[in-house]
Amino acid sequence: MELGLAGRSVLVTGGSRGLGRAIAMEFAAEGASVSICARTRNQLDTALEDLQVHTKRAMAIQVDLFEPEGCVEAVERTVGMFGRLDVLINNASTSIAYPGHLEDASDDLLLERVRGKALAAIRCSRAALPHFRRVKGGRIICIGGTAARSISIDPTLGSSVASGLGNALLVNFAKHLSREVAGDGILVNVVHPDAMRTDRYASRVAAVASEMGTTLDKAAEILATRIPIGRSIDPGDVAPLVVFLASSKANAITGQSIGVDGGALAQVIY
């Protein structure tokens, strides 16, 4: 399937590892010019080397998206390198602890995901809009999470409340923005992965193993049984959907939130 992404300019925030890195690699394989940004230089350099296997039009930007100027810098440096911006992937997110209960959560913990995920996405999107209008179109895909759709109060892993607040805010923002910019040919969508097998997943497995007094392998099996497809979600399950939403084959899809959860959530969502 020809996705029409060759020559397009893409910025993937949080693109140095995990899902962000997988998404960046998918775009590079489609012939896009790809910019990734993150806070850690050595991880960025390693990811950039992998990207350059597929494309020489790749760059890595070390910025802190907690700061407003970091969001603007990521966008402007991408445009400065590639001459345009066609796609923004708001993937960057802070890693947060899950409180045992809501009453245990400090204000800072509750706002951590709001600031480090939702607000960063809002700021990056705001910075990108003038460049999208200049090329008469664009795509914004925000990476949320199933905590936006369902609560989890797990005796081992804790409460998903802090994660849920950030993801729910992200969805509300994306829906509002999609309506405001549709007339400019700018499409905005959200993808909700369930817990994925990334570097952060190891801590979830370790917590279950400790709580249940079992091995890491057995704990991983226990977590997998909670997913109807019988395994945890992999970044490779999510990245192709993100690339499709950015493609010329998704020209009428906007304001949507799409889950990639292996059937984990039981809600009926219209």
Side-chain angles (χ1 to χ4, degrees), residues 8-28 32-52 54-96 108 111-135 138-145 163 166-167 169-170 173-174 177 186 188 190-191 198-200 235 238-239 242-243 246:
R8 297 296 187 183
S9 171
V10 181
L11 169 60
V12 182
T13 71
S16 65
R17 62 180 186 171
L19 178 57
R21 183 170 175 165
I23 291 170
M25 291 293 289
E26 286 279 342
F27 276 111
S33 302
V34 183
S35 172
I36 57 175
C37 70
R39 287 183 286 185
T40 307
R41 183 77 255 173
N42 64 331
Q43 292 177 345
L44 277 168
D45 290 342
T46 300
L48 181 61
E49 289 178 4
D50 290 343
L51 281 173
Q52 289 174 334
H54 296 284
T55 178
K56 297 304 179 186
R57 291 182 59 80
M59 70 180 299
I61 307 167
Q62 184 178 17
V63 291
D64 184 356
L65 298 184
F66 265 84
E67 302 300 329
E69 56 269 24
C71 299
V72 174
E73 180 183 351
V75 170
E76 294 302 324
R77 287 182 61 184
T78 300
V79 174
M81 173 63 78
F82 302 135
R84 59 188 290 155
L85 182 64
D86 299 286
V87 180
L88 170 64
I89 309 299
N90 285 315
N91 169 72
S93 177
T94 53
S95 179
I96 57 174
D108 286 342
L111 291 174
E112 177 87 4
R113 185 62 65 86
V114 169
R115 289 192 295 256
K117 184 170 192 172
L119 190 54
I122 291 169
R123 288 167 171 166
C124 288
S125 300
R126 186 187 297 141
L129 290 178
H131 299 290
F132 289 151
R133 291 188 175 109
R134 185 162 61 86
V135 297
R139 300 285 196 276
I140 298 174
I141 296 110
C142 299
I143 306 302
S163 180
N167 288 336
L169 173 57
L170 186 67
F173 156 72
L177 183 63
I186 302 168
V188 186
V190 180
V191 173
T198 64
D199 52 345
R200 298 174 181 176
V238 183
V242 175
V243 171

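On a predicted model such as this, the values are computed, not experimentally measured, just so you know.
For the pair Asn90 and Cys124, the tightest heavy-atom approach, listed with the atom from each and the gap, is OD1-CB, 3.6 Å. A pairwise comparison of heavy atoms in Val63 and Ala74 identifies CG2-CB, 4.2 Å as the closest pair. The two residues Thr55 and Arg57 come nearest to each other via the heavy atoms OG1-N, 3.0 Å. In terms of heavy atoms, Ile36 sits closest to Ala47 at CD1-CB, 3.7 Å. Shown here for Ala92 and Gly14, the closest heavy-atom pair between the two residues is CB-N, 3.7 Å. In this structure, Gly138 and Phe132 approach most closely via the heavy-atom pair CA-CD2, 3.7 Å.
For the pair Thr46 (side chain) and Asn42 (backbone), a donor-acceptor distance under 3.5 Å is present. A donor-acceptor pair under 3.5 Å is formed between the side chain of Arg123 and the backbone N or O of Phe66.
Between Thr40 and Ser16 the shortest side-chain heavy-atom distance does not fall below 4.5 Å. Looking at Leu88 and His131, their side chains never come closer than 4.5 Å, going by heavy atoms from C-beta outward. Arg126 places a side-chain heavy atom less than 4.5 Å from the side chain of Ile122. The side-chain heavy atoms of Ser93 and Ile143, taken from C-beta on, include no pair separated by under 4.5 Å. Residues Val242 and Glu26 have side chains not in contact (no heavy-atom distance under 4.5 Å, counting atoms from C-beta outward). Contact annotation: the side chain of Ile23 never approaches that of Val238 to less than 4.5 Å [non-hydrogen atoms, C-beta and beyond]. Side chains of Arg84 and Arg8 form a contact here, defined as non-hydrogen atoms less than 4.5 Å apart.
Rounding to the nearest 0.5 Å places CG of Leu11 at 9.0 Å from CE of Met59. Interatomic distance, Cys37 SG to Asn91 CG, rounded to the nearest 0.5 Å: 9.5 Å. Expressed to the nearest 0.5 Å, how far CD1 of Ile140 lies from CG of Leu177 amounts to 5.0 Å. Put simply, CD on Gln43 and CG on Leu48 are 13.5 Å apart, with the number rounded to the nearest 0.5 Å. One finds the CG atom of Leu65 at 8.0 Å from the CZ atom of Arg39 (value rounded to the nearest 0.5 Å). Note that SG of Cys71 is 7.5 Å distant from CG of Leu119, once rounded to the nearest 0.5 Å.
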Practice prompt. Give the C-alpha distance, both sets of side-chain angles, the deciding distance and a yes or no for side chain to side chain contact (heavy atoms under 4.5 Å, CB included) between Ile61 and Met81.
Written response: CA-CA 11 Å; Ile61 307 167; Met81 173 63 78; over 6 Å; no

